[in-house]
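This report refers to the structure that appears directly beneath it.
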Amino acid sequence: MPYGVWAAAGRVPGPVDPAALRACAADARLSVLDLRGVLAAEREEAVRHILAEESGGPGDGGLLRLRLLLVPDGTVLTAAASRAQWDETSFGLLLRDLCAAYGRPDRRPVRSAPPPTEAGPAAVPSGTLPTDWPRPSALTGIAATVPFDVPPGTVSALRALAEEAGTDEHAVLLAGLHALLSRLGAGAVTTVACGSWTSRADTGTDPGFRTLLRALDTDPGSSAAVALTVRERRLLPDALGTLPLTALRLPHAASPHELRLVLEPRPDGGLDGVLEYAPELFEPITAERLAARYPLLLAAATTDPATPLSHLPLLTATERHLVLQEWNRTGPIASTEDCLHHVIAQQARIAPDAPAALCGGTLLTYGELDRRAEHLARTLTDHQAGPGQVVGICARRSVDVVVGVLAVLKAGSAWVPLDPAYPAERLAFMLSDAGAPVVLTDEHSAKLLGSGPATTLPLDAGRGGDDVEPFDAGTTPDSPCYIIYTSGSTGLPKGAVNTHRGVLNTMRSLVSRLRLDSATRLLQASSPTFDMSAFDVLATLISGGCLVIPEQDEATDPARLLDLAHRAGLTVWSSTPALFRGALDEAYTTGRGLPPGLRTIGLGGDRFPPEVPGMLADLAPGSRAFNFAGMTEASFTTTAHPVTEDDTLRTTVPWGKPLPGQRMYVLDERGEPVPPGVPGELYIGGAGVGAGYWNRPELTARRFLPDPFAQTPDARMYRTGDRVRHLPEGTVEFLGRLDHQVKVRGFRIETGEIEASLVRHDRVRDAVVEARADEASRGDQRLVAHIAVTGTDPLSVEELRVFLGERLPEHMIPSVFLAHDQLPLTPGGKTDRAALRAVTVPEDRPHLLTPYVAPRDDLERAVVAEWELVLGVSGIGAHDQFVALGGHSLLATAAMAALSDTLGVPLSAKDLFEAATPALLADRVRSVRG
């Protein structure tokens, strides 16, 4: 880091004699610039430029550098000295002696040689305060500055508090900075550099300000990312000789710190302050807001020092209006008095011959869709479907499923998607919990439903028949339209209910934002139990576009989806980020590129890959990528953020601002809004909030709360459990979860549900499940299970996978199982999750029932080598199963793509799952080669 300079500047209301100034500091370097003949605007710009140059430039050896700028109404004086040779105290003494000597020939000239001990800045560690931009490996050391002031009344109050506490004014100012850092998200333990020593404070117990003041600790050394400097007198004196000298704020300052607050006394008893901040980390508006909060917090803390730190105000009235109103004012919403099926039926009347859905070789027009749905709706009502009822849909991918969705809506019911890949136990629970009187299914899936009380009807029951009058079931905009079951922390899934009003508002917003129309061809790759599938179907049909549905064995294979995208002339790609990222890799490596008509990419369910915009600029110039973020409980998504290249420079791609009609609040533990940049919990309000959880009134009451910030009566907001913050311009950034919920391959998972299933095994005493980044699948998450096992014999991965597979869907089965004699505990007796997160996942082959057999020929060795690279597991045997080693569909695609290149044989994920061991896969390659 360059050392930079200490600098100061001031204005004199009259001429300054250069010769007299040079006589005061004989060895200083003095330059004079006459700006009196320059136009006013040009002169002001020149002065600003020179002040920036002097404060942000390099030092001049060990000598003092002086500049005089002659202007019509006086003189501007600047002074600078290298930080490599001078410390701030010595520089201040030099300025005082210089100003005192000016115009006094009897005074000895000031010697500007540096003090004997060099005072280069010490290395400063990275801080913990949330920043606008990711921390670089090193700061430039050139800080930007923001002024602020502490009023005289506040200073009087803090001096009184200092006297009461038996300390000094400096300690109160320091305690105020610790409190501010803690409130801004820097953590419970904060560190501040103060001259040659460091102050530490622990705010973890949320103490009152007086208690914090008495508990400050100090250590020698000044190594901290944040610093506080309180000067007993001003760095630049108030007079140059007998001439008044008014200090000017410099736009830059040399500083090794991320933040430094500098305070100087004012004649009126107040304090002038400057916040120096690293512009690599903070936006100017963030720094301005931070500087304004310090005196605000000091005033409140000194008024009532017993107030807990979490209760001290940080929001100004302007900021409160900004975060609650301005950033939620996202445009008008369309009429919400329609129902979803009414809007879709209108498209069928406008263009009955237009394509509505395509799957395999089957194409369904809007007229056929509407006619079949009308017939099926009447059949459903004959089997107790109707308003207030639920209808299950359990079927493989086909255009018939789209007919079923529309028929359920026409019958006045809400559909519940049931994935045929789910275990029978889970399907039975969902059907029982939903109380569905009827289930729409296909021949393949019907046998999975057992012999429960629900009637099963074939999805193609609506085929044939003449046109009928539209069926009116009496549905209202507030009627439920779908219920999607999500993972539950208690070990049982819960059904989130959404209404026509909320979902239609979201879909119309997305149709507009994504510019969907009758030319749209949108990929429907998401699982039916992932609410992105509801967006795929409903937004496409509302816009009059065509839904492109992959067949069952295509839906999770990026290579085959890319083939489908080219064949179908896809214009909109909708999926999880990992699936699209796999397709991008396929487009690059094979040279096929993306479909020429692809103009829109919507990704949701997980973190947006920052490399996507750059890849799209190469593969699909002019296309737009959107980051969807929201909750199943609030109509699928609350945002559709158009991702820019600048967004990818942040720590994570932002979630964005709310769609029209929706609201996003960032609140603290007391339900109060936090300032921009400060972490808090996300609450979602507005039109998209769902009706609650199906048959779970207590859980609904805990998560769906009255909205105290809305203008409409009876408005509600949903408590998400997401830890977020507002970025400077109002977009929301995701920071993590406040509970143990995770996202894996687009699915929202409560790890508690997996843990509850694991401990049902008679040899698992305790279990903790976490999500870790899986570098093999480009940063996607994988589930790691820590289990405390009874008995001496090891538990095999195959046994655990089979046991969980009877209870949980595939995406909820951990990739890695780590056995422990017992799980670590915190001093308070709780499971120490932090200690478990620190456990390294071994790269060795896990314990399997399958005996180890080394690969026996070059072909098996080639397969094993690629699997080891993709899975991050060493010592794989010829008969080891891919999924038992932690593999899943996305990793299978990556492995097969690499093997296809290595072996010169076309292979897909389907080949791997049909030939799931290196030996079987090698046999398949031999048969293909002939």
Side-chain angles (χ1 to χ4, degrees), residues 3-13 16 18 21-22 24-25 27-33 47-71 74-102 110-115 119 121 141-149 195 227 229-241 243-257 260-267 271-277:
Y3 284 127
V5 296
W6 300 111
R11 181 185 293 270
V12 175
V16 172
L21 186 62
R22 183 175 284 110
C24 296
D27 54 357
R29 294 187 179 180
L30 173 65
S31 62
V32 180
L33 178 61
V47 171
R48 283 195 296 269
H49 178 78
I50 291 169
L51 291 180
E53 185 179 69
E54 286 298 300
S55 58
D60 199 358
L63 299 178
L64 177 67
R65 184 173 67 235
L66 300 173
R67 295 186 76 171
L68 288 178
L69 310 180
L70 309 183
V71 294
T75 307
V76 173
L77 168 66
T78 72
S82 172
R83 286 174 57 103
Q85 284 82 32
W86 294 82
D87 62 26
E88 191 172 29
T89 300
S90 301
F91 178 64
L93 288 171
L94 176 65
L95 293 181
R96 286 198 292 277
D97 290 344
L98 175 69
C99 289
Y102 178 79
V110 175
R111 307 302 299 179
S112 65
I142 304 300
T145 64
V146 172
F148 66 94
D149 76 285
T229 298
V230 182
R231 296 173 179 152
E232 294 182 1
R233 61 184 74 185
R234 303 173 74 82
L235 185 66
L236 187 68
D238 295 330
L240 177 64
L243 300 174
L245 182 59
T246 303
L248 298 176
R249 182 177 70 87
L250 296 173
H252 301 297
S255 173
H257 303 284
R260 183 173 83 129
L261 276 73
V262 180
L263 294 163
E264 294 184 332
R266 278 204 316 260
L271 295 172
D272 279 332
V274 171
L275 172 65
E276 300 171 356
Y277 66 96

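Bear in mind that the values here come from a model prediction, so they are computed numbers and not experimental data.
Ala52 pairs by the side chain to side chain contact (heavy atoms under 4.5 Å, CB included) definition with Pro251, His252, not counting sequence neighbours. With sequence neighbours left out, the side chain to side chain contact (heavy atoms under 4.5 Å, CB included) criterion links Asp149 to Pro151, Arg266, Asp272. Remark: Arg233 engages Arg96 in a side chain to side chain contact (heavy atoms under 4.5 Å, CB included) (not counting sequence neighbours). Annotation: side chain to side chain contact (heavy atoms under 4.5 Å, CB included) contacts of Pro13 (sequence neighbours excluded): Pro244. Residues passing the side-chain hydrogen bond (donor to acceptor under 3.5 Å, both in side chains) test with Thr78, sequence neighbours excluded: none. Checked against side-chain hydrogen bond (donor to acceptor under 3.5 Å, both in side chains), Glu264 has the following partners two or more places apart in sequence or in another chain: Arg231.
To the nearest 0.5 Å, atoms CG (Leu64) and OG (Ser82) are separated by 11.5 Å. With rounding to the nearest 0.5 angstrom, the CD atom of Glu53 is 14.5 Å from the CZ atom of Arg48. A distance of 13.5 Å separates CG in Leu21 from CZ in Arg67, rounded to the nearest 0.5 Å. If you take CG on Leu77 and CG on Leu236, they are separated by 7.0 Å, rounding to the nearest 0.5 Å. Interatomic distance, CG of Leu243 versus CG of Asp238, reported as 13.0 Å (0.5 Å rounding).
A donor-acceptor distance shorter than 3.5 angstrom exists from the side chain of Arg83 to the backbone of Ala254, with no hydrogens or angles considered. A donor-acceptor contact shorter than 3.5 Å links the side chain of Trp6 to the backbone of Trp86. Using a distance-only test at 3.5 Å, with no hydrogens or angles considered, a donor-acceptor pair links the side chain of Arg249 to the main chain of Thr145.
Val5 is not listed as a side-chain neighbour of Phe91, based on a closest heavy-atom distance of 4.5 Å or more. For the pair Leu66 and Leu98, the minimum side-chain heavy-atom distance is below 4.5 Å. The closest side-chain heavy-atom distance from Phe148 to Leu261 is below 4.5 Å.
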(Q) Show, in sequence, the C-alpha distance, side-chain angles and deciding distance for Arg260 and Thr229, and conclude whether the side-chain contact (heavy atoms from CB on, under 4.5 Å) test is met. (A) CA-CA 7 Å; Arg260 183 173 83 129; Thr229 298; 2.9 Å; yes
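Across every non-hydrogen atom of Ala79 and Leu95, the tightest pair is CB-CD2, 3.6 Å. Residues Leu51 and Ala9 come closest through the heavy atom pair CD2-CB, 3.7 Å.
Each of Ile50, Leu70, Leu68 was compared with Leu33 under the side-chain contact (heavy atoms from CB on, under 4.5 Å) criterion, and only Ile50 meets it.
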